[in-house]
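To start, the structure itself, in structure tokens.
Quick note on labels: first sequence line is chain A, next is B, and so on, each numbered from 1.
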Amino acid sequence: MLDLAKSRWHPIAAAHDLPLRHVFHGQLLGREFAVWRADDGYVNIWENRCLHRGVRLSIGINDGRELKCQYHGWRYSNRTAGCTYIPAHPADAPARTITNRTFAAVERYGLVWSAEEPQGEVPEVAGFAEGELLALRAIPVNAPADVVAARLTGYRFQPSGYIDGSAAKVAVEASNAFSVALRSSEADASTLAVFFVQPVDSNRSVIRGVLDGEVEGAARLAVLRHHNELLSRLRVAVEAEAAREPAPAPLEPIIERVSPELAEMPEETTHGRKATIRVQVARKWPAADGIAGFELRPIKGLLPTFQPGAHIDVHLPNGLIRQYSITNGPGESDSYVIGVKLERDSKGGSTCLHETVREGDVLAISEPRNNFPLRRDALQTLFIAGGIGITPLLAMAQALNNQSLNHELHYFAQNEAQLAFPEKTSTLGASLKPHLGLTPEQTGAQLREILSGYGPDKHVYLCGPGPMLEAARSIAAEMGWPETAVHFEYFKNTNVIDDSTSFEVALARSCMTLTVPAGKTILEVMRDAGIDMPSSCEQGACGTCLATVIEGEPDHQDVYLNDAERKSGTKIMTCVSRAKSARLVLDL
Amino acid sequence: MITLYDYELSGNCYKLRLLMGMLGIEWKTVPVDFYPGREHKSDWFLKINPLGQLPVIDDDGLILRDAQAILVYLASKYDASGSWYPRDNPALLGEISQWLAFADGITGTASAARLHDALFYDFDVEAARAGAHRLFRILDEHLWFGEQEGRSWICSAAQPTIADIACFPYIMLSEEGGIPRQDYPAIRRWCDRVKRIKGFSVMSGVFPAGPAKAA
């Protein structure tokens, strides 16, 4: 019977069990759940187990957008249950495989329903009108569900409209192993009560009763107390009955490994830039003067977990592929919001999005990638955005704001009308510092002021036009900021790429030696040889196609690596950079 | 200054640390090696408390024993707001005393089970656990109906009272005695509320709550 129960929907909590910023400890058929409502109302039902050390997430902290494990502070996102931050690895983006198991959640009849392998819909109860029901106090019982359900068929109660009477007739309208519907009538009062029996474990159940018809004020409490008293009495009798039988062994739920689609390596294709996700443009609006906002919703299922700083590839109807940062705050996981600036010298990307793509259109996008991860362990974090460079920094600032971590967002723009996403930036309060209409000289002076007073555990994140980034980086260096504290992301690589050299690339793990001729990139040669290498911008800006250099001297032509990383000679962006030596050995 | 004869892992000592923290009282600690040293049964300690129990305070020469009694004293003397132990409200004082006695019941059951499991006391652990579940069922029902009536705390006051402080520690530590709280959702929500009282502090085995949603 309990095997069959896996495919059925069961109530696992009452809606009032999930106030904001609380984590409910649920269980169904031996499997424990951490159940929490995010501030956006979404009900998360997760395996009650942190993927790190197995600690119960039901003792974790619901911050309204993410659930934080009490043990080592791993944070998991609303909806997806994907890990967004690992305090012990503050500079790294958590792998996508670190995603907790989630279970279906439906709110109905004042109850929260779930199932391990749900089939069909939550049962329809004839005579139940949503919003006009009264959920009773749940009664946990140490007895098997079917024993409890059998007992409930003999439950006697007064109709809500005649609570002081004592001669109600009660008829069983329906019953099965997990629910009993009873109608009580006396005089002209009649109440339908449905009792759902939640199989918590082989020998534990919860009776969740729901009455038809709303009852107000003092009468409501009287009805609730009436049933609480009668059900408590029933509990004593059922527990005594169950105690006479030997207790069945507790159920042992199988803790599954991470889902195959997360665990498996993606399929090999010759084209490195994959767009596996279909999204619909749910909304397109002017996010600022010259900037269009796009809200992208999944066609089916959930979007993958993103972290602040992550970007997606958007595959455009005209065949072009462009990268856009996700601007969402933490836990805003039902859609991705991107901002697109109409470029005067557009090569077709921003023009297409501004002029061709409309609400309702379907686009293909890649999974989010995070090559611009945000540390959350700084004493102070400065964000310096120039124009559309606001997009990744906006996501970051919202993340720190939600955790009440010290930060400032310096936003340089020509004028107020060019400040994008005011509805998002307004939530940041005093940490938002706009700098409007400055000349390059004034910008330099302002940057100097912002970057004065470097101290340990301060970090700065920069995103904006190339010249501004160059200025900010050199000012930061002058002001004593170490490179490890200066994080930056360029929109594009404006370096003129010299691809006139020819050299040999040895792939140490693949046992392959390839020749890179003039006019071709390392990435292209590897792809021709069947090596599947992820890439995104393919111009040396985003950091996706990074490879580790074991031997040889790279000829860096990207804008992703900082000077220290370049000097170390251990990293290379395979889409634009080449070799000064005759041979490069890569850890691929 | 108040001197607290304290054992770090004692829930009864934690009650006093909790309230003193919330009231902003400073105190100094004399650690008593309850386990394994059994210092609470030593000659020097029995002179202070012939019952050989923790906690004890010494406030300028006034020596008091019994966690609940000390909560009454501290709130009466040091709580300027008068909300933790409202001396001018007889009905509420009656309620508070009722739940202070209930807290003693929690100590006698949930704490006993914890002493059995963690510090190897020779108690009937099954009886202790069953007793704790009986009390938790009563408290969960009380708190659930309290929520329905718009009441957040154990007693019918708008503010928390020392009854909340007296009941909190051994409920939070119950799992160390093999007493899960999964069946008591209203108790779990009340625990969140206690953890959000200004000045709240933790002890080993008690985890903090995140902030409530700003209104």
Side-chain angles (χ1 to χ4, degrees), chain A residues 12-14 16-27 32-33 35-39 48 55-56 58-71 134-142 200-201 204-206 217-218 220-221 223-225 228-229 231-232 235-236 239 402-404, chain B residues 126-127 129-153 156 168 171-176 178-197 200 202-215:
Chain A
I12 58 137
H16 65 241
D17 282 325
L18 308 180
L20 297 180
R21 311 296 174 101
H22 178 72
V23 189
F24 176 84
H25 186 184
Q27 185 168 321
E32 285 191 31
F33 299 131
V35 188
W36 63 285
R37 191 190 296 276
D39 284 1
N48 192 16
V55 164
R56 285 192 171 105
S58 56
I59 63 166
I61 288 176
N62 165 3
D63 81 359
R65 292 159 176 268
E66 295 175 331
L67 187 66
K68 186 180 99 169
C69 177
Q70 288 278 10
Y71 201 16
L134 181 61
L136 303 176
R137 175 169 177 257
I139 304 289
V141 188
N142 293 321
V200 173
D201 209 323
R204 291 173 58 205
S205 312
V206 176
R220 181 173 176 277
L221 268 176
V223 170
L224 291 173
R225 287 199 184 275
N228 188 63
E229 191 182 313
L231 289 170
S232 297
R235 159 163 72 188
V236 172
E239 288 187 341
N402 190 50
Q403 288 179 243
S404 304
Chain B
E126 287 312 321
R129 286 180 188 146
H133 279 297
R134 195 175 71 84
L135 295 178
F136 286 6
R137 276 185 175 182
I138 290 167
L139 182 60
D140 187 76
E141 179 181 298
H142 174 73
L143 289 168
W144 192 89
F145 279 99
E147 288 178 342
Q148 296 297 317
E149 293 165 17
R151 196 184 71 227
S152 299
W153 308 105
S156 49
F168 178 78
I171 290 178
M172 276 313 296
L173 297 168
S174 72
E175 274 166 345
E176 295 182 3
I179 303 156
R181 294 185 299 281
Q182 192 187 38
D183 282 346
Y184 314 108
I187 288 180
R188 293 186 79 255
R189 291 192 289 276
W190 164 79
C191 287
D192 273 10
R193 295 195 286 273
V194 173
K195 291 173 180 183
R196 287 175 179 145
I197 296 172
F200 175 79
V202 296
M203 67 167 277
S204 302
V206 178
F207 303 105
K213 186 172 166 53

query: Pro208(B), Ala212(B), Pro180(B), Pro211(B): which one forms the most heavy-atom pairs within less than 4.5 Å of chain A?
result: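 So the answer, after comparing Pro208(B), Ala212(B), Pro180(B), Pro211(B), is Pro208(B).
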
- prompt: So which bits of residues 185-194 of chain B come within less than 4.5 Å of chain A, counting non-hydrogen atoms only?
  reply: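 Residues Pro185(B), Arg188(B), Arg189(B), Asp192(B) are the ones that qualify, each having a heavy atom under 4.5 Å from chain A.
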
- request: Determine the option with the most heavy-atom pairs under 4.5 angstrom with chain B, choosing from His25(A), Arg137(A), Gln70(A).
  value: Arg137(A)

query: Looking at Gly64(A), Ser58(A), Ala138(A), Gly60(A), which makes the most heavy-atom pairs under 4.5 Å with chain B?
result: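 Most heavy-atom pairs under 4.5 Å with chain B: Ser58(A).
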
- prompt: If you measure from the Lys or Arg side-chain nitrogens to the Asp or Glu carboxylate oxygens, is any gap between Arg225(A) and Glu149(B) under 4.0 Å?
  reply: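 Judged by the 4.0 Å cut-off on N to carboxylate O distance, Arg225(A) and Glu149(B) do form a salt bridge.
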
query: Which bit of Ser232(A) is near chain B, if near means a heavy-atom gap under 4.5 Å: side chain, backbone, both or neither?
result: side chain

query: Non-hydrogen atoms of chain B under 4.5 Å away: do they reach the side chain of Glu32(A), the backbone, both or neither?
result: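 The answer is the side chain of Glu32(A).
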
task: Could you tell me whether Arg196(B) atom CZ has more than 12 heavy atoms of other residues or ligands within 6.0 Å of it?
output: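 More than 12 heavy atoms, drawn from other residues, nucleotides or ligands, come within 6.0 Å of this atom.
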
message: Counting only heavy atoms from other residues, nucleotides and ligands, does the tally under 6.0 Å from CZ of Phe145(B) exceed 12?
response: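 Yes.
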
Can you tell me how far apart [atom1] ([X]) and [atom2] ([Y]) are? Round to the nearest 0.5 Å.
| X | Y | atom1 | atom2 | answer |
| --- | --- | --- | --- | --- |
| Gln148(B) | His16(A) | CD | NE2 | 6.0 Å |
| Glu141(B) | Asn228(A) | CD | CG | 4.0 Å |
| Ile59(A) | Glu175(B) | CD1 | CD | 8.0 Å |

- prompt: Will you find, in the side chains of Arg56(A) and Gln182(B), an N or O donor that is under 3.5 Å from an N or O acceptor?
  reply: no

- request: Could you check if a side-chain atom of Trp144(B) sits within less than 4.5 angstrom of a side-chain atom of Leu224(A), using non-hydrogen atoms only?
  value: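 Yes, at least one pair of side-chain atoms sits under 4.5 Å.
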
query: Where does Arg137(B) contact chain A at under 4.5 Å (heavy atoms): side chain, backbone, both or neither?
result: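 For Arg137(B), backbone and side chain are both near chain A.
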
message: If I compare all heavy atoms of Lys213(B) with all of Arg21(A), which pair ends up nearest, and what's the gap?
response: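 In this case the closest contact between Lys213(B) and Arg21(A) is N-CG, 3.6 Å.
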
